[in-house]
Amino acid sequence: MVADKPADSVNDKLDVLKSTQSVIKKALDKLGYPGEVYELMKEPVRMMTVRIPVRMDDGSIKIFTGYRAQHNDAVGPTKGGVRFHPNVSEKEVKALSIWMSLKAGIVDLPYGGGKGGIVCDPREMSFRELEGISRGYVRSISQIVGPTKDIPAPDVFTNSQIMAWMMDEYSRIDEFNNPGFITGKPIVLGGSHGRESATAKGVTICIEEACKKKGIELKGARVIVQGFGNAGSFLAKFMHDKGAKVIGISDAYGALHDPDGLDIDYLLDRRDSFGTVTNLFKNKITNQELLELEGDILVPAAIENQITEDNAYNIKTPIVVEAANGPTTLEATKILSDRGILLVPDVLASAGGVTVSYFEWVQNNQGYYWTEEEVEEKLYKVMIKGFNNVYNTAQTRRVDMRLAAYMVGVRKMAEASRFRGWV
Ligand SMILES: NC(=O)C1=CN([C@@H]2O[C@H](COP(=O)(O)OP(=O)(O)OC[C@H]3O[C@@H](n4cnc5c(N)ncnc54)[C@H](O)[C@@H]3O)[C@@H](O)[C@H]2O)C=CC1
Ligand SMILES: O=C(O)CCC(=O)C(=O)O
């Protein structure tokens, strides 16, 4: 029995749903909510598993598994991205939907959290097959989604083209042109200016604020970014344009390092639509080596469980800002906090994406569209307010930034659930 224990506890530490539940519990306890509020919030209120048949290019039919989780719809419709990735699982989608609820609470949007995913590898699928799986997913979940129920958006390995197919499929089912069904669309289909770069813009604002708190000048600071997709590549560009030195970037196949600063414009020009660029270079380091580089700001912008208790002592930057969802385990969060590293958690740092998605939905609903400057100005105000709320909560309640973010994030949803008489 004793021999089994370490293996279980290792798995538990990487179980994103379990670890999220444990922080939600702590946050609700700190805020004084009774146990039934946690019972409601520890799982999504609705979870749908679907099987999606797709005719492949070779004529065969392949069945894919997909999920849509709706965490809590007390505040308003649920909202969150759809991920296409071979490692998508029911537990991951549930955790991602909880994180969306927390983000909506932190930046005060009239939403609860939702999230979806399909177990597939879009890097190995043709354009035609991708269209088939995207449309099939929408047909399968159409009864529980919609502009006033649950509004999808892009996430890992999905993009504006996939959102366009999904919107078109929903509009056919609904017999109505319905741009507010989904966000992250191409501009010509009702997408918002600034959505594509919104996640990275929000992360940039958090980095600027974190630098002020740590007394670090962003100009000239050494920045390391893991992941070179939507979040990571725009972020590298914004950092470069602000005069920081981006000394490391990575994708799923390796990492590039140059202590004098990488040529970000060149890398952006050469990356493919899945955020892959390191395959063009011979001189590479690993993703683990990248995370342990000497620098000032580290931004994990790829996948979960990258900073764990195995490497947290080796992180050499005074600031870590999580653009990805769930990149740091709870044990690593404690190690980083104890070491005095300022960790800006995912549910705050990456909330710029859903904020501009909300702006897109508002513009679709009113049929009146804003300029990029208007979007940026509004995003800035929302992110600064969210950052200050979380930072001040961490200071006054003497808790780490992650627990503070959860405390800020759960409150509105808990209150709304109580007013509705659910708990
Ligand atoms: N796109 C968005 O608006 C938002 C994204 N996020 C989060 O940001 C993270 C990245 O998402 P996107 O940039 O949208 O995805 P993306 O699909 O555009 O890019 C993903 C990047 O991560 C890399 N990657 C994949 N597996 C990896 C691995 N095992 N090790 C290292 N790198 C790996 C890919 O090569 C690619 O460069 C995810 O955690 C996502 O949930 C959070 C908020 C909003
Ligand atoms: O834009 C959205 O609605 C959701 C973005 C998302 O999936 C995320 O923040 O993780």
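Every number for a ligand or one of its atoms is a count from 1 in the order of the listing. In this chain, residues are counted from 1 in sequence order. From a predicted model like this one, the values you see are computed outputs, not experimental measurements.
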Shortest protein contact, [atom] (heavy atom only):
atom                    : answer
atom 10 (C) of ligand 1 : A301 O, 3.4 Å
atom 9 (C) of ligand 1  : A302 O, 3.2 Å
atom 28 (C) of ligand 1 : I303 CD1, 3.6 Å
atom 1 (N) of ligand 1  : N230 OD1, 3.4 Å

[X]: numbered ligand 1 atoms lying under 4.0 Å from its heavy atoms:
X    : result
F274 : 34 (C), 35 (O), 36 (C), 37 (O)
V156 : 11 (O), 15 (O), 17 (O), 38 (C), 40 (C)
R83  : 38 (C), 39 (O), 40 (C), 41 (O)

For [atom], state which one of [options] supplies the nearest heavy atom.
atom                    : options                : value
atom 33 (C) of ligand 1 : G229, A324, A252, A198 : A252
atom 7 (C) of ligand 1  : A255, A323, S350, A231 : A323
atom 44 (C) of ligand 1 : T286, V225, D346, T199 : T199

Filter the ligand 2-protein atom pairs down to N or O on both sides and distance under 3.5 Å, then list them.
from	atom 1	to	atom 2	distance (Å)
ligand 2	1 (O)	R195	NH2	2.9
ligand 2	1 (O)	S357	OG	2.6
ligand 2	3 (O)	K79	NZ	2.7
ligand 2	3 (O)	S357	OG	3.4
ligand 2	7 (O)	G81	N	2.9
ligand 2	7 (O)	K115	NZ	2.7
ligand 2	9 (O)	K103	NZ	2.8
ligand 2	10 (O)	K103	NZ	3.1
ligand 2	10 (O)	K115	NZ	2.8
ligand 2	10 (O)	N325	ND2	3.0

Assess whether a salt bridge exists between [X] and [Y], defined as any Lys/Arg side-chain N lying under 4.0 Å from an Asp/Glu carboxylate O.
X    : Y    : value
E39  : K42  : yes
K94  : E90  : yes
E304 : R83  : yes
D265 : K237 : yes
R402 : D400 : no
K212 : E209 : yes

Q.
Using the ring centroid of each side chain, check whether F127 and W165 are separated by less than 6.0 Å.
A.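 That pair passes the under 6.0 Å test.
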Q. Taking the six-membered ring where the residue is Trp, are the ring centres of F157 and F274 under 6.0 Å apart?
A.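 Centroid separation for F157 and F274: below 6.0 Å.
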Q | Lys NZ or Arg CZ of K201 over F234 ring: under 6.0 Å, within 45° | A |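 No - K201 does not lie over the ring of F234 by the 6.0 Å and 45° rule.
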Q) Hey, are W99 and T20 close enough side-chain-wise for a donor-acceptor pair under 3.5 Å? A)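 Short answer, yes.
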Select one of side chain, backbone, both or neither to describe which atoms of [X] lie under 4.0 Å from any atom of ligand 1, heavy atoms only.
X    : result
R195 : side chain
K103 : side chain
N287 : side chain

Q) Hey, mind stepping through T317 and D296 against side-chain hydrogen bond (donor to acceptor under 3.5 Å, both in side chains) and telling me if it holds? A) CA-CA 5 Å; T317 57; D296 299 297; over 6 Å; no
Are any of the N/O atoms on [X], whether in the backbone or the side chain, positioned under 3.5 angstrom from an N/O atom of ligand 1?
X    : value
P154 : no
F228 : yes
S250 : no
D155 : yes

Q: Quick one: sort the Y358 and W361 rings into parallel, tilted or perpendicular, breaks at 30° and 60°.
A: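 Rings of Y358 and W361: tilted, as their planes differ by 30° to 60°.
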Q) Are the side chain of Q363 and the backbone of F359 linked by a donor-acceptor contact shorter than 3.5 Å? A)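 Yes.
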Q) Can any side-chain N or O of R222 pair as donor or acceptor with the backbone N or O of I297 at less than 3.5 Å? A)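 Not a single qualifying donor-acceptor pair exists.
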